[in-house]
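This report refers to the structure that appears directly beneath it.
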Amino acid sequence: LESIEAHEKISILVKGDKSIVQKAAKEFQATIKYSYQGIFAISIEKSKINLFTQKLDKAQVDFPIAKGRLMMDTALIVNNVAGVHAGLSPLPQSYTGKNVIVGILDSGIYFDHPDFKNADGTTRIRYIWDQNITGGSSAPLPYGYGAEWSWIDINNGSCYHNEPASQYGHGTTVAGAACGNALANGHFIGVAPESEIIAVAVDYYGNDFLTNLVDAIDYVFKKADALGKPCVINTSLGTYSGSHDGKDLASQLID
């Protein structure tokens, strides 16, 4: 925390009595972004943290400060994906990801790639949230940072998300392996070529990686719920920080 200016907001996780947490948040102008099963995702100025936590009685408070890093592993050829696409026995039918949302939490996505489009040229991407953009006018709520675009924005050419060249197309590669439909050249079809995509360019450059990641997971599942479709999420990035036993609040909130 020493490297963070007093006026800067940081993300913390709190597990405690709802009324006590809400009262303290109101008193110190902290933002409760969302909560599940008594765990609250909160944004608060650094200068107010000490007084804020003193008001929380016996609540558990985590400061999940960690820098993220990309962690893509190579998929195994022996996964027999072709057999799944063909619906070979003992499967009752073929599976291609149709009517399923695939969430890609990574460095971004080259949304104009043909492998992420339908045959008519429209996008298969439902939403993109770029957490790294500052000062954007389309930050999704209740998270309040970054910029968001829907499939409508992508189709009409108003999406300006750009996966950073410094990441060497990592997010696009992962999305292609998971969801590519091979429309670009007829080769390299992905695992779920008929799925729809929600991509989040996760901000993992600063110390808020874990809370940014939890925000992204919350975002994707809520969007999928609103669309009325089942969802699976891939995160080919991570950190070696954390409790390593699933008991830290970030892990509990993801569960």
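- Heavy-atom neighbours of Y205 OH from other residues, nucleotides or ligands within 6.0 Å: above the threshold of 12.
- Scanning all heavy atoms of the two residues, the minimum distance from S94 to A86 falls at CB-C, 3.9 Å.
- Counting heavy atoms from C-beta on, the side chains of K9 and T31 come closer than 4.5 Å.
- Contact annotation: the side chain of T172 approaches that of F116 to within less than 4.5 Å [non-hydrogen atoms, C-beta and beyond].
- When all heavy atoms of G97 and A192 are compared, the closest pair comes out as CA-CB, 3.9 Å.
- Atom CD1 of I42 sits about 12.0 Å away from atom CZ of F28, to the nearest 0.5 Å.
- Cluster annotation: L253 and I233 are assigned to the same hydrophobic cluster (Ile/Leu/Val/Met/Phe/Trp/Tyr, side-chain heavy-atom contacts under 4.5 Å, transitive).
- Rounding to the nearest 0.5 angstrom, the gap separating the OG atom in S150 from the CG atom in N156 is 7.5 Å.
- Between L91 and G83 the shortest heavy-atom distance is CD1-O, 4.2 Å.
- Looking only at distances, a side-chain donor or acceptor of D106 sits under 3.5 Å from a matching main-chain atom of G171.
- F52 pairs by the ring pair (Phe, Tyr, Trp, His ring centres under 6.0 Å) definition with nothing, not counting sequence neighbours.
- Taking the side chain as every heavy atom from C-beta outward, I254 and S251 never approach each other to under 4.5 Å.
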Test side chain to side chain contact (heavy atoms under 4.5 Å, CB included) applied to I154 and I128, step by step: CA-CA 9 Å; I154 298 171; I128 297 175; 3.8 Å; yes
Set out, in order, the CA-CA distance, both residues' side-chain angles and the distance that settles side chain to side chain donor-acceptor pair (under 3.5 Å) for Y160 and D130, then state yes or no. CA-CA 10 Å; Y160 56 89; D130 191 332; over 6 Å; no
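- A donor-acceptor pair under 3.5 Å is formed between the side chain of E8 and the backbone N or O of E5.
- A donor-acceptor contact closer than 3.5 angstrom links the side chains of Y145 and N212.
- Within a 6.0 Å sphere centred on NZ of K229, other residues, nucleotides and ligands contribute more than 12 heavy atoms.
- Considering CD1 of I198 and CZ of R126, their distance stands at 8.5 Å, rounded to 0.5 Å.
- No side-chain heavy atom of N181 sits less than 4.5 Å from a side-chain heavy atom of K117.
- Here the shortest heavy-atom pairing between G190 and H85 reads O-CE1, 3.1 Å.
- L210 and I217 fall within the same hydrophobic cluster, where Ile, Leu, Val, Met, Phe, Trp and Tyr residues are linked whenever their side-chain heavy atoms come under 4.5 Å apart, directly or through other members.
- In this structure, I125 and W149 have side chains that are not in contact, with every pair of non-hydrogen atoms separated by 4.5 Å or more.
- A heavy-atom distance below 4.5 Å is not found between the side chains of D203 and D208.
- More than 12 heavy atoms of other residues, nucleotides or ligands lie within 6.0 Å of NZ in K222, so this atom counts as buried by the packing criterion.
- For the pair D115 (side chain) and A184 (backbone), a donor-acceptor distance under 3.5 Å is present.
- A cation-pi arrangement is present between K223 and Y127 under the rule of less than 6.0 angstrom and at most 45 degrees off the ring axis.
- Applying the salt bridge (Lys or Arg N to Asp or Glu O under 4.0 Å) rule to K15 yields no partners; only residues at least two apart in sequence or on another chain are considered.
- Note that OG1 of T123 is 7.5 Å distant from CG of N118, once rounded to the nearest 0.5 Å.
- Between the side chain of S138 and the backbone N or O of E148 there is at least one donor-acceptor pair closer than 3.5 Å.
- Atom CD of E2 sits in a sparse spot, with 12 or fewer heavy atoms from other residues, nucleotides or ligands closer than 6.0 Å.
- Using the six-membered ring where Trp is involved, H113 and Y110 have ring planes that are perpendicular, over 60° apart on the 30 and 60° scheme.
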Step-by-step side chain to side chain contact (heavy atoms under 4.5 Å, CB included) determination, T173 to Y168: CA-CA 9 Å; T173 300; Y168 311 105; over 6 Å; no
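- One N or O on the side chain of R124 and one on the backbone of S195 form a donor-acceptor pair closer than 3.5 Å.
- A chain of hydrophobic side-chain contacts below 4.5 Å, direct or via other Ile, Leu, Val, Met, Phe, Trp or Tyr residues, connects I32 to F63.
- At least one donor-acceptor pair closer than 3.5 Å links the side chain of Q252 to the backbone N or O of K247.
- Side chain of T235 to main chain of L105: no donor-acceptor pair is present (N/O by atom type, distance under 3.5 Å, no hydrogens or angles).
- The shortest heavy-atom contact between H161 and A201 is CE1-CB, 3.9 Å.
- Between N207 and S3 the shortest side-chain heavy-atom distance falls below 4.5 Å.
- The CD1 atom of I10 sits 9.0 Å away from atom OG1 of T211, with the distance rounded to the nearest 0.5 Å.
- Classified by interplanar angle (parallel below 30°, tilted 30° to 60°, perpendicular above 60°), the ring pair Y204/F209 is perpendicular.
- Remark: side-chain polar atoms of H170 are not paired, donor with acceptor, to backbone N or O of S166 under 3.5 angstrom.
- Across all non-hydrogen atoms, the minimal contact from K33 to S11 is NZ-OG, 3.4 Å.
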For side chain to side chain contact (heavy atoms under 4.5 Å, CB included), just list the numbers for Q54 and L51, CA-CA rounded to whole Å, side-chain angles, deciding distance to a tenth of an Å, and then say yes or no. CA-CA 5 Å; Q54 290 174 19; L51 293 175; 4.0 Å; yes
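- When only modelled atom types and interatomic distance are considered, Y34 and D215 share a side-chain donor-acceptor pair under 3.5 Å.
- V102 and I189 are not part of a single hydrophobic cluster, where members link through side-chain heavy atoms under 4.5 Å apart.
- Taken from OH in Y143 to CD in Q131, the straight-line distance is 10.0 Å, to the nearest 0.5 Å.
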Kindly determine whether Q60 and I39 satisfy side chain to side chain contact (heavy atoms under 4.5 Å, CB included), including the steps that lead there. CA-CA 9 Å; Q60 178 182 350; I39 303 174; over 6 Å; no
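- In the hydrophobic clustering of this structure, V214 groups with F221; members are Ile, Leu, Val, Met, Phe, Trp, Tyr whose side-chain heavy atoms approach within less than 4.5 Å, directly or through other members.
- L13 is listed as a side-chain neighbour of P64, based on a closest heavy-atom distance under 4.5 Å.
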